[in-house]
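Here is the structure we will look at.
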Amino acid sequence: MTPRDRSREIWRRALEVLVGGVNSPVRAFRAVGGEPIIVERASGGRIWDADGNEYLDYISSWGAMILGHAHPAVTSALREQAERGSSYGVTNELEVQLAEQIRGALPSMERVRFVSSGSEAAMSALRAARGFTGRELVVKFQGGYHGHADSFLSEAGSGLATFGIAASAGVPESFAALTLNAPYNNPAAVKEIFAKRGKEIAAIFVEPVAANMGVVPPEPGFLQMLRDVTAEHGSLLVFDEVITGFRIAWGGAQNAVGIPPDLTVLGKIIGGGMPVAAYGGRADVMKMVAPEGPVYQAGTLSGNPLAMRAGLSTLAELRRPGFYEELDARAKRLAEGLTAAAKDAGVPVAINRAGSLLTVFFTEGRVRDYASAKHSNTERFATFFRRMFERGILLPPSQFEALFLSAAHTDADIARTIATARESFSGLTAN
Ligand code: HOZ
C-alpha cells in the first residue's frame with residue numbers, strides 16, 4: 001500500500017462541499033472508522049484508489065456489478081449507444097426489449113415500468129398498491145430496506161441500521177403511522193397484524209432474501225405464508241428484489257422459491273451499473289398507473305437508452321449456461337473458507353449465505369431476524385474490516401450489509417480472501 005495522501009486530500013475537499021463528504025451515507029465508512037476509499041477506477045473484481053492502491057472489491061456497487069467492473073460487453077454497448085444519443089425523453093425500442101427480457105425471466109411481471117433508482121421503484125410500487133386496493137397501511141419487516149421513501153424509514157436496515165437511526169427525521173408522524181413493522185421470519189407476528197388490521201393493509205413489502213440487515217434467508221414456509229395471508233385479506237404481496245433480482249437466480253428469488261408476488265421491485269443488476277430500476281407485476285394492478293390509470297408516476301430519464309443498453313448486455317451475459325452455478329460454487333467456497341478461518345482463530349461468527357450474497361456476522365448464535373443480527377459485535381466487525389482493507393480487500397463497510405461476489409472474482413481471489421481473513425481474524429477476540 002502506498003500512503004493515501006491524494007485520497008486524503010480529495011476526502012478533505014469532499015467534506016467541504018458534499019454532505020458528510022458523500023452522496024449516499026454508507027460510503028462514509030463511519031461504522032468502521034478511518035477515511036473512506038476514494039475511487040479512481042475499477043476493472044473486473046478490482047478497484048483502485050486515488051493513490052493507485054489496488055483492492056479486491058466485494059462491494060461491487062452494492063450488487064449491481066455482478067459481471068465485475070467495466071465488463072467488455074457492457075462497455076462496448078455503452079460506447080455504441082452514446083454515439084446514438086444518451087437521452088431521448090420519448091419511447092425507444094430498447095425499453096421494450098429490456099421489459100420483454102424481464103417479463104420472460106419473471107412471468108409475474110406482466111407489465112413493467114422503468115424508473116431510475118430502487119427507492120423510486122419501491123415508492124411507486126407502494127403508490128400503485130394503495131391506488132389499487134384503496135387502502136393505506138403497509139407492512140414491512142424490521143431490518144428490511146426498501147430505499148428512502150417516507151413509508152419505509154422506520155426500523156429499516158442498510159444505512160439506518162449502520163448508523164443506528166431508528167426512524168428518519170422529516171417523516172410526518174401521520175405517514176409513519178401507516179407503516180407497520182413485523183419481525184422477519186416470524187409468521188405468528190404477521191398473522192397477528194393481519195388479524196387486527198387486515199382490511200386496511202394495502203401490501204406487504206418484503207425482501208425474499210433479506211440482504212439489508214446483512215444476509216438473512218427466509219425460513220421454510222415464511223414466504224408462502226406471506227403469499228397466503230395477503231391473498232386471504234385482499235392485500236398485495238410485493239417482493240423487493242432490488243438486490244436478489246437476477247442474482248439469486250435468473251429472474252430472481254421468486255423463481256428460486258416458486259412464489260409469484262403481485263408486484264416486484266427491481267434495480268441494480270438490470271441496469272448493468274447505470275441508474276435503472278423497475279417495478280411491475282399483475283396487469284390489473286399496473287393498469288392503475290398513468291397514463292392507463294389515476295396513479296401518477298413519471299420520470300424524464302426513465303427508460304434511458306444508455307441504461308437500457310447496459311441492462312440488456314448484462315442480462316445477455318447472465319443467460320450463459322452455468323453462470324449462476326459457477327458463481328454460487330465460488331461463493332460456497334468463500335463461505336466455507338471464512339467459516340474455517342474464523343473457527344481456527346476462535347472467533348465466533350455466524351455466516352449466512354444465499355447464492356452469491358453473504359454476511360459474516362460477529363455473533364455466536366444463529367441470525368434469523370433483525371434482533372439476532374443486532375447481537376453482532378460491531379466493533380469486532382470494524383476491526384476485521386480495517387485489517388482486510390489494509391491488506392487490499394474491500395468489504396462493505398457495515399455489519400448490516402451483504403458482501404457481493406461477482407463473476408470477475410476468480411478462484412485465486414477467493415483463496416487470497418480466505419488467507420487474508422485468516423490473518424485478520426487472528427487475535428480478534430482480544431478486542
Ligand atoms: N441499497 C444499498 C445496499 N443496502 C446501499 C446503497 C446505498 O445506500 O448507497
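Between Leu67 and Phe323, some side-chain heavy-atom pair lies under the 4.5 Å cut-off. A 4.5 Å side-chain heavy-atom check between Thr339 and Val349 finds every atom pair outside the cut-off. Side-chain contact between Asp411 and Arg333 is present, with at least one heavy-atom pair separated by less than 4.5 Å. Between Val209 and Val216, every side-chain heavy-atom pair lies at or beyond the 4.5 Å cut-off. The shortest side-chain heavy-atom distance between Lys140 and Thr179 falls under the 4.5 Å cut-off. The shortest side-chain heavy-atom distance between Met225 and Pro187 falls under the 4.5 Å cut-off. A 4.5 Å side-chain heavy-atom check between Asn255 and Ile248 finds every atom pair outside the cut-off. Val229 has its side chain within reach of His233: a pair of non-hydrogen atoms, C-beta onward, lies under 4.5 Å apart.
Using modelled atom types, one side-chain atom of Asp57 and one backbone atom of Ile59 make a donor-acceptor pair closer than 3.5 Å. Panel note: side chain Arg111, backbone Arg282; no donor-acceptor pair is recorded below 3.5 Å. Side chain of Thr410 to main chain of Asp413: a donor-acceptor pair is present (N/O by atom type, distance under 3.5 Å, no hydrogens or angles). A donor-acceptor pair under 3.5 Å is formed between the side chain of Ser119 and the backbone N or O of His148. Here the side chain of Asp5 pairs no donor or acceptor atom with the backbone of Asp51 at under 3.5 angstrom. One N or O on the side chain of His71 and one on the backbone of Ala73 form a donor-acceptor pair closer than 3.5 Å. Side-chain N or O atoms of Arg309 include none that pairs as donor or acceptor with a backbone N or O of Val74 at under 3.5 Å. Side-chain N or O atoms of Ser372 include none that pairs as donor or acceptor with a backbone N or O of Val367 at under 3.5 Å. In this structure, Asn53 contributes its side chain and Thr2 its backbone to a donor-acceptor pair below 3.5 Å. A donor-acceptor contact shorter than 3.5 Å links the side chain of Arg103 to the backbone of Glu110.
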| Candidate pair Arg227 and Asp262, rule salt bridge (Lys or Arg N to Asp or Glu O under 4.0 Å), full reasoning | CA-CA 9 Å; Arg227 181 61 288 178; Asp262 298 301; 2.8 Å; yes
| Could you walk me through whether Lys332 and Glu336 pass the salt bridge (Lys or Arg N to Asp or Glu O under 4.0 Å) check? | CA-CA 6 Å; Lys332 183 166 181 278; Glu336 287 169 355; 3.0 Å; yes
| request: Please lay out, stage by stage, how Glu401 and Thr162 fare under the test side chain to side chain donor-acceptor pair (under 3.5 Å). | output: CA-CA 9 Å; Glu401 300 281 6; Thr162 303; 4.6 Å; no
| Can you list the steps and then say if Arg79 with Glu83 is a salt bridge (Lys or Arg N to Asp or Glu O under 4.0 Å)? | CA-CA 7 Å; Arg79 208 173 282 130; Glu83 301 278 347; over 6 Å; no
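The minimum heavy-atom distance between Ala125 and Val265, with the atom names listed, is CB-CG2, 3.9 Å. Ala402 and Leu357 make their closest contact through CB-CD2, 4.3 Å (heavy atoms, listed as atom of the first residue, atom of the second, distance). For the pair Tyr184 and Ala210, the tightest heavy-atom approach, listed with the atom from each and the gap, is OH-N, 3.3 Å. Summarising the geometry of Pro397 relative to Ala31, their closest heavy-atom pair is O-CB, 4.0 Å, with the distance given to 0.1 Å.
Residues Thr314 and Glu317 bring no donor and acceptor atom of their side chains to less than 3.5 Å of each other. For the residue pair Ser108/Gln254, the side-chain donor-acceptor check at 3.5 Å is satisfied. No side-chain N or O of Ser86 forms a donor-acceptor pair with one of Gln81 less than 3.5 Å apart. A donor and an acceptor atom, one from each side chain of Thr244 and Glu207, are nowhere located under 3.5 Å apart. Side-chain contact of Tyr58 with Ser406: a donor-acceptor pair under 3.5 Å is absent, judged by distance alone. Residues Asp328 and Ser356 have side chains that never bring a donor and an acceptor to within less than 3.5 angstrom of each other. Residues Ser116 and Asn304 have side chains that never bring a donor and an acceptor to within less than 3.5 angstrom of each other. With no hydrogens or angles considered, no side-chain donor-acceptor pair links Thr230 and Ser235 at under 3.5 Å.
For CZ of Phe163, the number of neighbouring non-hydrogen atoms (other residues, nucleotides, ligands) closer than 6.0 Å is greater than 12. The environment of CD in Glu136 is sparse: at most 12 heavy-atom neighbours from other residues, nucleotides or ligands sit within 6.0 Å. Surrounding CZ of Arg135 are more than 12 heavy atoms belonging to other residues, nucleotides or ligands, all under 6.0 Å away.
With ring centers used as reference points, Phe385 lies under 6.0 Å from Phe29. With ring centers used as reference points, Phe384 lies under 6.0 Å from Phe362.
Residue Phe400 is tested with Leu160, Val26, Thr378, Asn212 for a side chain to side chain contact (heavy atoms under 4.5 Å, CB included); the sole match is Thr378. Each of Phe152, Phe205, Phe222 was compared with Phe141 under the ring-ring contact (aromatic ring centres under 6.0 Å, His included) criterion, and only Phe222 meets it.
Here Arg366 pairs with Glu219 under the salt bridge (charged side-chain N to carboxylate O under 4.0 Å, His left out) rule; sequence neighbours left out.
To the nearest 0.5 angstrom, Leu395 atom CG is 8.0 Å from Thr417 atom OG1.
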Please set out all donor-acceptor pairs under 3.5 angstrom arising from side-chain atoms of residues 295-302, sequence neighbours excluded.
residue: Gln297; atom: OE1; partner: Arg113; partner atom: NH1; Å: 2.9
residue: Gln297; atom: OE1; partner: Tyr279; partner atom: OH; Å: 2.8
residue: Ser302; atom: OG; partner: Phe114; partner atom: O; Å: 3.4
residue: Ser302; atom: OG; partner: Gly299; partner atom: O; Å: 3.4

